[in-house]
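Since the structure is predicted, the reported quantities are computational estimates derived from the model, not experimental observations. Computation of the quantities below employed the complete heavy-atom set of this structure, encompassing side-chain atoms and omitting hydrogens, waters and symmetry-equivalent molecules.
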Amino acid sequence: MKIIAGLGNPGTEYARTKHNVGFMFVDALADALGVTASEWQAKFDALVAPARIGTEKVLLVKPQTYMNESGRALGPLLAWYKLAPEDLIVAHDDMDIPVGTIRIRKKGSAGGHNGIKSILAHVGDEHFARVRIGIGRPLPGWTVVNHVLAPFSAEGQQKIEEAIKYLEPAVECIVTDDIDVAMNRYNPKKQKKRKVKQDEPVETAAPVSGSQEEMPHE
């Protein structure tokens, strides 16, 4: 069995904020897997719902502890189901990548994310999958708190919805195949720069006309 957890803050006031893209992803995945509202139950400071991806049992999880205590829910759930850290998949927001960009990682440090920091503290191991959803950096004059607790612009929301749709089969791939397969298949490929030979003319495009600090709920 795998646990697929989305990080966020509980409460309607945070529902559409940037910090809650983890919740948004798990809700979308639940819909795709046919999980109904009545199947969600409270357990270990979290809302949980059982589902299946292929032949594999999964538990969808939304910690209700507020972001910076996410590990307080996930640590006991792993212990209760006798699961290893490698059986945990965590979807969360990431300011270090552009809005709507995704990155899948199999391990690593918290990278300044207090939710991941809490999970590391309670699980005691960095070897769990992270599904990072970019929310971009704060606007000039904005604090980190202002940024993560604000909703997306209309354009940003569309990018997030596209990213979530793209990630649904990616997370299913982690469950049914392997995280290395999913990383290779779904992580954005780096564009290689073509070397220009000496004396080779370089084409130029014609111009087109007209054209983290301390957080109370992190």
Under the side-chain contact (heavy atoms from CB on, under 4.5 Å) rule, what do Ile116 and Leu7 come out as? Steps first, then yes or no, please.
CA-CA 9 Å; Ile116 298 297; Leu7 303 190; 4.2 Å; yes
Measuring only between side-chain heavy atoms, which start at C-beta, is [X] closer than 4.5 Å to [Y]?
{"X": "Lys117", "Y": "Ser109", "result": "no"}
{"X": "Ile133", "Y": "Val99", "result": "no"}
{"X": "Leu120", "Y": "Phe128", "result": "yes"}
{"X": "Phe25", "Y": "His92", "result": "no"}

Could you state the interatomic distance from [atom1] ([X]) to [atom2] ([Y]), rounded to the nearest 0.5 Å?
{"X": "Leu139", "Y": "Asn146", "atom1": "CG", "atom2": "CG", "value": "10.0 Å"}
{"X": "Leu60", "Y": "Leu47", "atom1": "CG", "atom2": "CG", "value": "11.5 Å"}
{"X": "Ile104", "Y": "Asn184", "atom1": "CD1", "atom2": "CG", "value": "10.5 Å"}

Apply side-chain contact (heavy atoms from CB on, under 4.5 Å) to [X] and list each qualifying residue two or more places apart in sequence or on a separate chain.
{"X": "Glu172", "result": "Leu29, Leu33, Ile53"}
{"X": "Val131", "result": "Ile89, Ala91, Leu167, Val171, Ile174"}
{"X": "Arg185", "result": "Cys173, Asp177, Val181"}
{"X": "Ala121", "result": "none"}

Which pairs with one or both residues in residues 7-22 pass salt bridge (charged side-chain N to carboxylate O under 4.0 Å, His left out), sequence neighbours excluded?
none
Any pair counted as salt bridge (charged side-chain N to carboxylate O under 4.0 Å, His left out), so long as it reaches residues 71-87, sequence neighbours left out
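Pairs touching residues 71-87 that pass the test: Lys2-Asp87, Asp45-Arg72, Glu69-Arg72.
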Residues two or more places apart in sequence or in another chain: which of them pass salt bridge (charged side-chain N to carboxylate O under 4.0 Å, His left out) with [X]?
{"X": "Arg130", "answer": "none"}
{"X": "Glu155", "answer": "Lys159"}
{"X": "Asp31", "answer": "none"}
{"X": "Lys43", "answer": "none"}

One pair to check against side-chain contact (heavy atoms from CB on, under 4.5 Å): Phe44 and Thr65. What are the steps and the verdict?
CA-CA 10 Å; Phe44 292 117; Thr65 53; over 6 Å; no
Report yes or no: does Thr17 contribute a side-chain atom to a donor-acceptor pair with the main-chain N or O of Leu149 at less than 3.5 Å?
no
Enumerate the ring pair (Phe, Tyr, Trp, His ring centres under 6.0 Å) contacts for residues 162-188, please, sequence neighbours excluded, ordered by first and then second residue.
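Found Tyr166-Tyr186.
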Any ring pair (Phe, Tyr, Trp, His ring centres under 6.0 Å) pairs touching residues 129-163, not counting sequence neighbours?
none
What residue among [options] forms side-chain contact (heavy atoms from CB on, under 4.5 Å) with [X]?
{"X": "Ile4", "options": "Val175, Leu88, Leu59", "answer": "Val175"}
{"X": "Lys106", "options": "Glu126, His127, Met183", "answer": "Met183"}
{"X": "Pro10", "options": "Met67, Gln64, Lys62", "answer": "Gln64"}

Minimum-distance pair of heavy atoms, taken over all atoms of [X] and [Y]:
{"X": "Asn20", "Y": "Ala15", "answer": "CB-O, 3.9 Å"}
{"X": "Ala28", "Y": "Glu168", "answer": "CB-OE2, 3.5 Å"}
{"X": "Gly100", "Y": "Ile160", "answer": "N-CD1, 3.9 Å"}
{"X": "Ile179", "Y": "Ala129", "answer": "CD1-CB, 3.3 Å"}
{"X": "Pro76", "Y": "Gly71", "answer": "CD-O, 3.8 Å"}
{"X": "Val61", "Y": "Ala46", "answer": "CG1-CB, 3.8 Å"}

Do the rings of His19 and His113 sit parallel, tilted or perpendicular, given the 30° and 60° boundaries?
tilted
Would you kindly confirm whether Ile97 and Ile102 end up in one hydrophobic cluster when ILVMFWY residues are joined by side chain heavy atoms under 4.5 Å apart?
no
Any chain of hydrophobic side-chain contacts (each under 4.5 Å) joining Ile135 to Val145?
yes
Verdict with supporting geometry, Ser70 and Ile119, side-chain contact (heavy atoms from CB on, under 4.5 Å)
CA-CA 6 Å; Ser70 298; Ile119 296 170; 4.2 Å; yes
Show your reasoning for whether side-chain contact (heavy atoms from CB on, under 4.5 Å) applies to Met95 and Val148.
CA-CA 9 Å; Met95 290 195 308; Val148 300; 4.1 Å; yes
Is the closest basic N to carboxylate O distance between Arg132 and Asp93 below 4.0 Å?
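No, this pair does not count.
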